[in-house]
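Reminder, nothing fancy here: chain letters follow the sequence lines and each chain counts from 1. Because the structure is predicted, anything quoted here is derived from the model rather than measured. In what follows, every heavy atom counts, from backbone to side chain, and hydrogens, waters and symmetry copies are set aside.
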Amino acid sequence: MTMTRQIALVDCNNFYVSCERLFRPDLKTTPIVVLSNNDGCVVSRSNEAKALGIRMGQPWFECKQQAEEQGILALSSNYALYADLSNRVMSVLAEYAPLTEVYSIDECFVDMTGTHKLRDVSYEMRQRVMQWTGIPVCVGLGPTKTLAKLANHIAKKHPRSRGVFNYNDLTDAQQAKLLGQIAVDEVWGVGRKLSKRLAALGINTVQDLRTAHTPTLRAEFGVVMEKTQRELQGVCCIELEDCTPDKQQMVNSRSFGKPVTELAVLQDALSVFAANACQKLRAQNSHAALVHVFMLTNRFRQDQPQYNPCMFVPLPMPTNDSLVINRWVQHVAELLWRDGYKYKKAGVVLHDITPVSVLQADWLEPDVTSSTRLMNAIDGLNTRFGRGTIKVSTSGRSDEWAMKQERKSPNYTTDWHAVPAA
DNA sequence: TCTCCGATTAGAC
DNA sequence: CTAACGGTCTAATCGGAGA
């Protein structure tokens, strides 16, 4: 007989806000929100901010006034800080199991199957993350990833759980009762649209979904929903991924801090996007064969003329060379550009990505090595001294397009000067 | 008719 | 001072084009 799986989903509480508070303990009870890139939307809220009615994903300009009136502190996002702290959390978790899957910047699945005294170990894991990183987490345990996520939701919501909830500890009757009290859109993979369609079939709670007529579900919603149902029934359909698969596309795009009306400025931005996309490509040892360039006007400004062109360039030879790809990007930018529009956003996407190894045998391509060496040097410097130390093109108009970040905290973990005095 | 492809949709965070 | 809404990524599905 096989042992019941014990899958843990460890999720950091209000992650970005918790990161900011680590270095500002004086803000422990201050309502805080962290804003997305360009100070656009609220992407993380402290419990106090939630209690004051700030919604997840809410555009900042909508709640700015309310925030000021209620003394809510808003911070621009500081991704270098969050990535650093995320790595620390993940390494602590990795010590608890041979198999972990980092699912997102603030979430990790841990296969605890076979762990003795699971409850005690889970509390200890939570305690250790807190002690070693200062980040509070909740632990959800269940026989499948989907149920572990649900268990985590319960751990977060019910203070009595003290941060750990194990679905496997419930009797059948308790499971049915509990799932009957949770709305179906809390299920991993069921979002706004699907929950509406499910409601039309009378499926409103997680328990409804778990016990729904499978053939109907399959016919109406497809294979994914059927898997979700099986997972809710405790049958593992979604395994932990031990190694992260290579990216199939690399996107680098930004909204601009103010509208761009000059080709040279847009080209400057695109050269940075191209360089960043290529660096990610090289980091996973891949080549791309298709380059996609786009530029967008502000879709929220229906009073202004809209123009959202894009172009795909198939490369004669796959490459990860920033210089080669940037040449194409710059050329395409000229072709797409039209005067008279206010551009709000642009980006570079690399497609048709393959591992370098399968193509390295092309002896006809001259001088691959010198370009590879140059790229290695660029990546090395940028990793060591910070992104943008070496740039592909330094036309230097970035002040004209850089995103708005009026409220960013210092780089506490990467800059000694930023650490506040004790 | 089958297959491949691009576009669209839905979701996660 | 005013303005004016994120960024990546994946999988499934659908409809049309081409074999």
Where along residues 183-193 of chain A does a heavy atom come under 4.0 Å from DNA chain B, residue by residue in number order? A/Val187, A/Trp188, A/Gly189, A/Val190, A/Gly191, A/Arg192, A/Lys193
With [X], which residues qualify under ring-ring contact (aromatic ring centres under 6.0 Å, His included), at least two apart?
X: A/Phe312; value: A/His292, A/His351
X: A/His153; value: none
X: A/Phe273; value: A/Trp401
X: A/Trp188; value: A/Tyr103, A/Phe109

Check the distance between [N]'s [atom2] and [X]'s [atom1] and give it to me in whole angstrom.
X: A/Asn276; N: C/dG7; atom1: CG; atom2: P; result: 13 Å
X: A/Asp303; N: C/dC5; atom1: CG; atom2: P; result: 11 Å
X: A/Lys145; N: B/dA12; atom1: NZ; atom2: C1'; result: 12 Å
X: A/Lys404; N: C/dA4; atom1: NZ; atom2: C1'; result: 8 Å
X: A/Lys64; N: C/dT2; atom1: NZ; atom2: P; result: 12 Å
X: A/Asp39; N: C/dC5; atom1: CG; atom2: C1'; result: 12 Å
X: A/His351; N: C/dT8; atom1: NE2; atom2: C1'; result: 12 Å
X: A/Gln65; N: C/dA3; atom1: CD; atom2: P; result: 15 Å

Given the rule in the side chain to side chain contact (heavy atoms under 4.5 Å, CB included) test, do A/Asn14 and A/Asn47 qualify, once you have shown the distances and angles that lead to the verdict? CA-CA 8 Å; A/Asn14 312 334; A/Asn47 291 344; 3.1 Å; yes
Stem list for DNA chain C, please, built from Watson-Crick and G-U wobble pairs under 3.5 Å and keeping only runs of at least 3.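 When the pairs of DNA chain C are grouped into runs of at least three, the stems are B:1-13 with C:7-19.
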Short N-O contact, [X] and [Y], less than 4.0 angstrom:
X: A/Arg119; Y: A/Asp169; result: yes
X: A/Lys196; Y: A/Asp185; result: no
X: A/Arg45; Y: A/Glu20; result: no
X: A/Lys145; Y: A/Glu239; result: no

How far apart are the closest heavy atoms of [X] and [Y], and which atoms are they?
X: A/Met56; Y: A/Val43; answer: CE-O, 2.9 Å
X: A/Met90; Y: A/Glu107; answer: CE-O, 3.6 Å
X: A/Val291; Y: A/Val348; answer: CG1-CG1, 4.5 Å
X: A/Tyr167; Y: A/Gly142; answer: CB-CA, 4.2 Å

For A/Lys345, answer base if it contacts any base atom (sugar-phosphate contacts may also be present), sugar-phosphate if it contacts only those atoms, and nothing otherwise; contact means non-hydrogen atoms under 4.0 Å. sugar-phosphate
Quick check for you: among C/dT8, C/dG6, C/dT10, whose closest atom lies nearest to any side-chain atom of A/Lys247?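 Ranking C/dT8, C/dG6, C/dT10 by closest atom to the A/Lys247 side chain puts C/dT10 first.
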When you measure from the side chain of A/Arg301, which nucleotide among C/dT8, C/dA4, C/dG6 comes out closest?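 The answer is C/dA4, which lies nearest to the side chain.
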Which residues in [range] have at least one heavy atom lying under 4.0 Å from any atom of DNA chain C?
range: residues 289-300 of chain A; result: A/Asn298, A/Phe300
range: residues 53-61 of chain A; result: A/Pro59, A/Phe61
range: residues 194-213 of chain A; result: none

By the salt bridge (charged side-chain N to carboxylate O under 4.0 Å, His left out) test, which pairs, at least two apart or in different chains, include something from residues 26-38 of chain A?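 Matches after skipping sequence neighbours: A/Arg24-A/Asp26.
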Ring centres of A/Phe300 and A/Phe61 under 6.0 Å apart? no
If you look only at pairs with a residue in residues 215-227 of chain A, which of them pass as a side-chain hydrogen bond (donor to acceptor under 3.5 Å, both in side chains), with sequence neighbours excluded? A/His213-A/Thr216, A/Arg218-A/Glu226
A/Arg128 atom CZ, over 12 foreign heavy atoms within 6.0 Å: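 Counting other residues, nucleotides and ligands, CZ of A/Arg128 exceeds 12 neighbours.
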Got more than 12 heavy atoms from elsewhere within 6.0 Å of NZ, A/Lys50? yes
Hey, which sits more toward the 5' end of DNA chain C by its nearest nucleotide, A/Ser253 or A/Gln304? A/Gln304
Name the residue closer to the 5' end of DNA chain C, choosing between A/Pro259 and A/Met250 according to the nucleotide with the nearest heavy atom.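 Closest to the 5' end, via its nearest nucleotide, is A/Pro259.
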Within the sub-3.5 Å range, which N or O atoms of nucleotides 11-14 of chain C have a protein N or O partner, and how far apart are they?
unit_1 : atom_1 : unit_2   : atom_2 : d
C/dA11 : OP2    : A/Gln248 : NE2    : 3.3

Run the side chain to side chain donor-acceptor pair (under 3.5 Å) test on A/Asn168 and A/Gln6 for me, step by step, so that the C-alpha distance in whole Å, both residues' side-chain angles and the decisive distance to 0.1 Å come before the verdict. CA-CA 8 Å; A/Asn168 281 323; A/Gln6 291 283 9; 2.6 Å; yes
